[in-house]
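Chain letters run A, B, ... following the sequence lines, proteins first and then strands; every chain starts at 1. Just so it is clear, the structure is predicted and the values come from calculations on it, not from any experiment. Quick note: numbers below take in every heavy atom, side chains included, and nothing from hydrogens, waters or symmetry partners.
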Protein chains: 2
Amino acid sequence: MLDSPKSQTKSATGSSQKKRLDPDEREAHIVAEAVRFFAEHGFEGKTRDLAKRIGITQPLLYRYFPSKESLIERVYNEVYVQRWNPAWEGLITDRRVPLSDRLCSFYKEYSRAVYDYVWVRMFIYSGLKGVDINDRYLRGIKEKVLRPVCAELRHTHGLPTPQEIPIDEQELELAWGLHGSFFYRAIRFYIYNLTTTADNETAIENEVRVFLAGVGPVQRKLVEALTKHD
Amino acid sequence: MLDSPKSQTKSATGSSQKKRLDPDEREAHIVAEAVRFFAEHGFEGKTRDLAKRIGITQPLLYRYFPSKESLIERVYNEVYVQRWNPAWEGLITDRRVPLSDRLCSFYKEYSRAVYDYVWVRMFIYSGLKGVDINDRYLRGIKEKVLRPVCAELRHTHGLPTPQEIPIDEQELELAWGLHGSFFYRAIRFYIYNLTTTADNETAIENEVRVFLAGVGPVQRKLVEALTKHD
DNA sequence: TTATTTATTTATCGCTTGATAATTAAAGAG
DNA sequence: CTCTTTAATTATCAAGCGATAAATAAATAA
């Protein structure tokens, strides 16, 4: 609208104002911008706005993607792929290391991958939309993080193993509590723009410390209640 | 579309299939449905879909609201007004009651108002959209809940008052942690449809117990670090 | 009954949307 | 330079959007 057609050959800007790109390069550029665009505006963001942001015309998007839907699909893959490091799972269960160190290490590592504007907002947007990817992801968190954490807590506090007494939902809820403390900070940041001067890694350390110092008796009580039921 | 025009005079259904409503009644009906509709689909939900759901034609909406925007405005008011009970603030600071009871009472009461499909989703939707109402709300939480909680913790653990040593951001982060545990459960429920067999009130009790049993030394360390800086 | 009022519907407008077809122009090959 | 290829643009379509105006029909008053 505001751009006159002739103004595309920007002489003053100089640098990489190339008009024709290699298809691979152009596609990568589109995807990269689309990721941020949809993270900001949600998936109802308009293709014309996206194109304007990229600096191309709207129909050009359709040379690289047959539909908006397919572009969104691509964006999903881009955001969700390789955000989970399987090594983290071993990090939690490595009993040579004190549990507090393990939890701190895990959540610090995890925050490096997940405390990210694009990731957090996409995760929330697709949750609202009801995309199944979130269910699977959170079930993964439950099985690969929270249940192992409960098991390690059992071991630390000298309680029965999960094989002896299965882990209760209410017991898992304790671990969800720690996880919620962690993830809610990301929400405050990226959804509500609530900045804080508090250092993130210090906050994680303190959260883990509070959790471990307090969880013992509560878990013991829960497990004992389960024992009596058998 | 699928309804034939004549089928409106449903004879079999009988009950309250009145065609013409009093304006007040109709308006209330529209608002009530709009609240749920926008909570489900977000504010980009289409007026035609909303009308179909209400069982009226789309132009009728415009007899009661001059624009979609004004209807959304009304929905906001409906959802946000009177969701905060000022009495809760006194609940936290009442030192005749043990702190654990106070925190349990507060979060149980609060959950009755806030563990709600419409409220949670609207809160997240408007956060993503960047509506200022959320900033204000969360700043309210910070000042009316979290800061008082920190002050009460100070008192319980025999630490200096906030007047003597101001409450640090990192200290507030501890209280945000408890709050996050609490709110993240609502998110799991209403955004991600992750049901649990765990009872909510029990979960709150356990969360508070873990928090109070573990927070003492961590807070003491933080406050002592602040003392040295003076 | 007849007349009046007004809640509700039908029909439609202007604009925006995702998407397509036709056209232009930048790069490489000969 | 000329020819070919194709990245990118211009022009446009059909459907869907919020919104308006005119027509209809249900309630009330006379």
| message | Between dT6(C) and Arg20(B), counting only base atoms on the nucleotide and side-chain atoms on the residue, is there a donor-acceptor pair under 3.5 Å? | response |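 Per atom types, the contact qualifies.
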- Task: Go through the N and O atoms of the side chain of Arg48(A) and the base of dT16(C), and report whether any donor-acceptor pair is under 3.5 Å.
- Result: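 For Arg48(A), whose side chain was compared with the base of dT16(C), there is no donor-acceptor pair (under 3.5 Å).
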So which one's nearest nucleotide on DNA chain C is more toward 5', Pro59(B) or Lys46(A)?
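By nearest-heavy-atom nucleotide position, the 5'-most residue is Pro59(B).
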Would you say a side-chain N or O of Thr47(A) is under 4.0 Å from OP1 or OP2 of dG18(C)?
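For Thr47(A), the contact criterion (side-chain N or O under 4.0 Å from OP1 or OP2 of dG18(C)) is met.
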Measure from [atom1] on [X] to [atom2] on [N] and round the result to the nearest Å.
X: Leu61(B); N: dA7(C); atom1: CG; atom2: P; answer: 15 Å
X: Asp49(A); N: dA19(C); atom1: CG; atom2: P; answer: 15 Å
X: Tyr62(B); N: dA11(C); atom1: OH; atom2: C1'; answer: 16 Å
X: Leu21(A); N: dT6(D); atom1: CG; atom2: P; answer: 16 Å
X: Lys52(A); N: dG18(C); atom1: NZ; atom2: P; answer: 13 Å
X: Ile30(A); N: dA7(D); atom1: CD1; atom2: P; answer: 11 Å
X: Lys68(A); N: dG16(D); atom1: NZ; atom2: P; answer: 15 Å
X: Asp22(A); N: dG28(C); atom1: CG; atom2: C1'; answer: 12 Å

Is the ring pair Trp88(A)/Trp84(A) parallel, tilted or perpendicular, if the boundaries are 30 and 60 degrees?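 Trp88(A) vs Trp84(A) ring planes: perpendicular.
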- Message: Over 60° means perpendicular and under 30° means parallel, so tell me whether Phe183(B) and Trp119(B) are parallel, tilted or perpendicular.
- Response: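 Answer is perpendicular, since the angle exceeds 60°.
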Q.
Regarding Arg121(B) and Glu40(B), does a basic nitrogen lie under 4.0 Å from an acidic carboxylate oxygen?
A.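 The answer is no: the pair does not qualify as a salt bridge.
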Which base, if any, makes a Watson-Crick or G-U wobble pair with dT1(C), both distances under 3.5 Å?
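Partner of dT1(C): dA30(D).
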Exercise for review: Could you check which nucleotide pairs with dC13(D) in any of the strands shown, counting Watson-Crick or G-U wobble with both distances under 3.5 Å?
Suggested key: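 Paired with dG18(C).
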>> Any base atoms under 4.0 Å from Pro23(A), or only sugar-phosphate, or nothing? Heavy atoms, all strands.
In response: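 Sugar-phosphate, no base atom in range.
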Exercise for the section: Please work out if Tyr64(A) contacts a base, only the sugar-phosphate, or nothing of the nucleic acid, heavy-atom cut-off 4.0 Å. Expected result: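 The residue Tyr64(A) makes sugar-phosphate contact but no base contact.
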Problem - Earlier contact from the 5' end, DNA chain D, for Arg63(A) and Gln58(A) - result: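 Looking at the nearest nucleotide for each, Arg63(A) comes out on the 5' side.
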- Query: So, Ser181(A) and Glu207(A): side-chain donor and acceptor under 3.5 Å apart, yes or no?
  - Reply: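 No, Glu207(A) and Ser181(A) have no side-chain donor paired with an acceptor closer than 3.5 Å.
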Note to self: Taking the cut-offs as 6.0 angstrom to the six-membered ring centre and 45 degrees off its axis, would you call Arg188(B) and Trp176(A) a cation-pi pair?
What the structure shows: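 So Arg188(B) does make the cation-pi contact.
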